[in-house]
Each structure stands twice: as C-alpha cells, then as structure tokens.
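Read the structure below first, then the notes.
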Amino acid sequence: MIHPLRGMKDLTFEDGKLFVHIVTTAIKIAKRYGYSYIETPILEATALFKRSVGDSSDIVSKEMYRFEDKGGNDVCMRPEGTAGVVRAFVHAKLDRQPIKQKFYYYGPMFRYERPQKGRLREFHQFGCESFGEASVYEDFTIITMISQIFHELGIGFNLQINSLGCPTCMPPYKETLVNFLIEIKNDLCEDCNRRIETNPIRVLDCKNQICQSLLVNSTKLINNLCEGCDTDFKKLTKLLDNAGITYKVDTNLVRGLDYYNKTAFEFVSNKIGSQSAIAGGGRYDKLVEFLDGKPTPAVGFAIGIERIMELVQMPEASREGIYLGAMTEDAVEKLFPIATAKRKETKVTVEYNAKGFKSHMKGADKVNARYVVLIGEDELKSGRVWVKDLESKEEKTVKVEVF
RNA sequence: GUGGACGUAGUUCAGUUGGUAGAGCACCUGUUUGUGGCACAGGUUGUCGCGGGUUCGAGCCCCGUCGUCCACCCCA
C-alpha cells in the first residue's frame, strides 16, 4: 500500500464536507465585502518568496519545497498566498489603475516542517488581499470580516493586535532594541541570540521565561510609533471598541513574514493545542513596491483551514433527495429513467441490487434520503411506484408518469 | 532541525512473566417471505505499520525504518 507523504492528508467524507463548508462560508462573506476570486500558480520562482516573505523567516530559509525544474529554473511550491497574489497584481499592471482591488483565494500551501497537530506540510489557507486602500478603516473592515466569518462558522476566538510601525519609526526602534539586546545577550537563550542577527523583533515573542523576564524593561514599539502610525493605531482600537469586537493589544505580537508593517493581528484559539493561530494578517504597504510595482498600500490575512476544522460544527444535515430501489431483478432497469428525470431537480441515490424491502428502508435511511421510492412485483405489473416520505411517514403508490 | 510518547479489525481500544489475537461501536444476516431509526440473536473483518535480529516460539524483547501524536522551533 502506498501511503500519502508525511504531513499530507486526504480529505474524505465528513472532513471533505467540513472543508467545503468552511470555504463556501468564507467566500460568501468575502463577496459581501467586495472581494473577487483570484487563482495564482502553486509553483513560483524562488526569488518571489525570498524578496517578499524574506530571508529572515524560517519559511524561506529552511521550509520551502524548493527544486530546479527541467528547464533549470529555481522554483518553489508556494509556502503562503500573499506573495503570489501581489506578483499577479503587479504582473497584470493593476498597480497602474486607480481602482481599488480586492481578491480572495484559497488553496494548498507547502512548508517542509515537522508535522504536528494543526501543522501539516501541505495545508490550506483561505485568504484575502485588499490593494490601494491606505486608510486604517480598511484594516478595521478586514478584522470585522474575519470575525464575521468565524461567527458564521461558530468559532470562538481571541483577537490580538499590534502595530509594527512604518519605515519612519520602525528602523530607529529596531536599532535601540538591538542595542538593548546586545547588552543582555549573555543571559538570553540560544534562539534569541540567533534572532538578534536575523530578526530582533522576534525576541520579544520568545516563550522562554528567562528571556521574557529580561525583556520586561525593554522599550516597546507601541510607545515609539511615529505620529501617523500612532493615530492610526488609536483609531483602530476605537473602531473595534465601538464595534464591540474584543481584542487584546499584544506588544509582542510580530508577524513572521517580513513584509508586514503598521497593523498586525492574529486570531487565536486556545482549544487546538500549541498551533493556536487560526488566522493572521496585517498591513503590507511596501510589498507591491518590493515586487517592482508602483507604491500601493495593501492589507490582507489568511485563515488556516485545517486549524479551524475541528472547531467548526457542521450544520445538521436534513433529509434530502430520493432513494430508488427495486425488489425484483426485472424492475432494476425501470429505475434509471426515473433517476435521470429526478436528477434535474434533486439528489437521487440508485441501488443497483434488487433486495428486500427492509434492506431498502435501511439503505434509504443511511444515505439520509427524504423519499424512498421502490418498485416491487406488484408495482412492476401495474406500472406504479411506491413512495414514502421518511419525514412525514406518508406513503402512497402512484403511476410512474405522475411521479 | 531538537526532545519525548505511540503504531493491534473499518473505528476506538484491551492483550498478564514471550506460548499462535479479543471487546465496544460500525458492517452483514435474521427475528418481521413489504415498513427505516430501537431491541434481541447470529455472523464477517487482521501482513499486530514495515524490515531485520534474539528465541523452540515474538503483538510483547533488541536494532533499523516509515508514520502518528505532544512539546520546542516556526506559523495559518
């Protein structure tokens, strides 16, 4: 038997239904906010992710499915969705149009990680990207949209927000932080020492108790924002307050991908183990420029579909469609014209084997059919079918033509 | 990449100091030769993850390998 590769999963039956339910619900809401579908390739030039996600992230430095294709190109399976969407946006020259563009997407992402609960090597994200809107109102709207999606799916969450500043206030802050970190370097954990070089902001996020105790006195970016960033962040918190969306300002919240600035947020669940982030996103005003487009502000997010799957309750399925069966071999082929006609309007299950009455009843119950339609010897002779509504329990025998 | 736990029927799991594999659920059949969900009775189901080793004998012990899970790391 050939097994799926490590960290890759087949979705069948209940899981498959749940997946579709999540995606269709998210799409329904996204459309209401003016998003339209975009599909981008799974395979992209490696350079795309190096330039957007950034070398400092583990995603790029060690988790990509990267290889040389037959044409000698350095390519990668996409580890996340935003880079491809931005690339497509620039490639279609949408950055030269004054219209604001909003896209939603969903599909597989690939990261070569050690699998664990809520962390697969091939996983699926639903995401949205909004281009051309610099206003913090859009950040607020996107957060509102995600909470609406989660509400619709019946998922509880905690929202954490932070501001990562902009090119005006972030670099000087980073410098003072690095200086501070170098002083306490010897007491920080091994990982943090590495982070000072690669991505010092991440040190703030370290889960090591000793590191955290040393960082209590570190200056926070949130207190060192430039005027523009500061007023926007205050606006955002006020908008969320007024909308009744509860959140926590987490000054240690850093997005893992390099392209984020200003608003950063994460939706977290405490019910799914250590991989608790169920959605994450923020503003990335410099990314379009980074990928050779005209400067275009943008905000976006992604939801981890597998991570929310165990949190979502499927709405109860009601009885639907028709179960067709024959109780004598001669009647089996009479079922097909009926099935074809009825399939124009509803779901039809046809049992090809002639079998006993009770078996058919059980079979109909199992596929959750609303109606059982059977042809036995009597019905065959009289050109009728026997019909029972499994909900109201009413039954009747009618001419095939009228049914 | 690091540390730890685990892998037995479709599924959830039991399996004693090594002696040729079991339960619930599910499934099939019957009780009811034409009335589903319930009940009762009977029945089917296994490369014990895979490969090697120790042993008269391995589900159990040893080594390897693949996979799953948990934590770190990372992130959705």
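Chain letters run A, B, ... following the sequence lines, proteins first, then strands; residues in each count from 1. Please read these numbers as outputs of a predicted model, since none were measured by experiment.
For the C1' atom pair drawn from U54(B) and G1(B), the interatomic distance equals 34 Å after rounding to whole Å. A14(B) sits 12 Å from G59(B) when the C1' atoms are compared, rounded to a whole Å. When the P atom is used for both C70(B) and C13(B), the distance is 13 Å, rounded to whole Å. Rounded to whole Å, the separation between the C1' atoms of C48(B) and A9(B) comes to 10 Å. Going from the C1' atom of C6(B) to that of G43(B) covers 33 Å, rounded to whole Å. Taking atom P in both U68(B) and U11(B), the straight-line distance is 15 Å, to the nearest Å. Comparing G22(B) with C27(B), their P atoms sit 23 Å apart, to the nearest whole Å. If you take atom P in G46(B) and the same atom in A23(B), they sit 14 Å apart, rounded to whole Å.
Base pairing of U55(B): no nucleotide in any strand meets the Watson-Crick or G-U wobble criterion (both distances under 3.5 Å). With a cut-off of 3.5 Å on both Watson-Crick or G-U wobble distances, the partner of G3(B) is given as C70(B). If you check U11(B) for Watson-Crick or wobble pairing at under 3.5 angstrom, you find it paired to G24(B).
Where stacking is scored as ring centres under 5.5 Å apart with planes under 30°, Trp386(A) does not register as stacked on the base of G34(B).
Using cut-offs of 30° and 60° for the angle between ring planes, the His124(A) and Phe19(A) rings count as perpendicular. Between Tyr65(A) and Tyr112(A), the ring planes lie perpendicular to each other; the angle is over 60°, past the 30° to 60° tilted range.
Of the side-chain N and O atoms in Lys366(A), one or more sit less than 4.0 angstrom from OP1 or OP2 of C27(B). Under 4.0 angstrom from either OP1 or OP2 of C75(B) there lies no side-chain N or O belonging to Arg111(A). Considering only side-chain N and O atoms, Lys358(A) lies under 4.0 angstrom from the phosphate OP1 or OP2 of G36(B). Put simply, Ser274(A) has a side-chain N or O that comes within less than 4.0 Å of OP1 or OP2 on C72(B).
In terms of polar N and O atoms assigned as donor or acceptor, the side chain of Arg114(A) never comes within less than 3.5 Å of the base of C70(B) in a complementary pairing. Put simply, the side chain of Arg119(A) and the base of C70(B) share no donor and acceptor less than 3.5 Å apart. One cannot find a donor-acceptor pair under 3.5 Å joining the base of U68(B) and the side-chain atoms of Gln116(A).
Note that the CD1 atom of Ile29(A) and the CG atom of Leu153(A) stand 8.0 Å from one another [nearest 0.5 Å].
Using a 4.0 Å heavy-atom distance criterion, Glu379(A) is classed as a base contact. Across all strands shown, Lys9(A) has heavy atoms under 4.0 Å from sugar-phosphate atoms exclusively, and none from any base. Note on Gly81(A): nothing from the nucleic acid sits closer than 4.0 angstrom, heavy atoms only.
Of the candidates C73(B), G34(B), A76(B), A76(B) carries the atom nearest the Ala277(A) side chain, counting heavy atoms from C-beta on.
Note that Lys262(A) lies outside the cation-pi zone of Tyr284(A), set by a 6.0 Å cut-off to the ring centre and a 45° limit from the axis.
Exactly one of Leu94(A), Ile38(A), Thr40(A) qualifies for a side-chain contact (heavy atoms from CB on, under 4.5 Å) with Phe89(A). That residue is Leu94(A).
With hydrogens and angles left out, the side-chain atoms of Asn158(A) and Tyr247(A) include no donor and acceptor closer than 3.5 Å.
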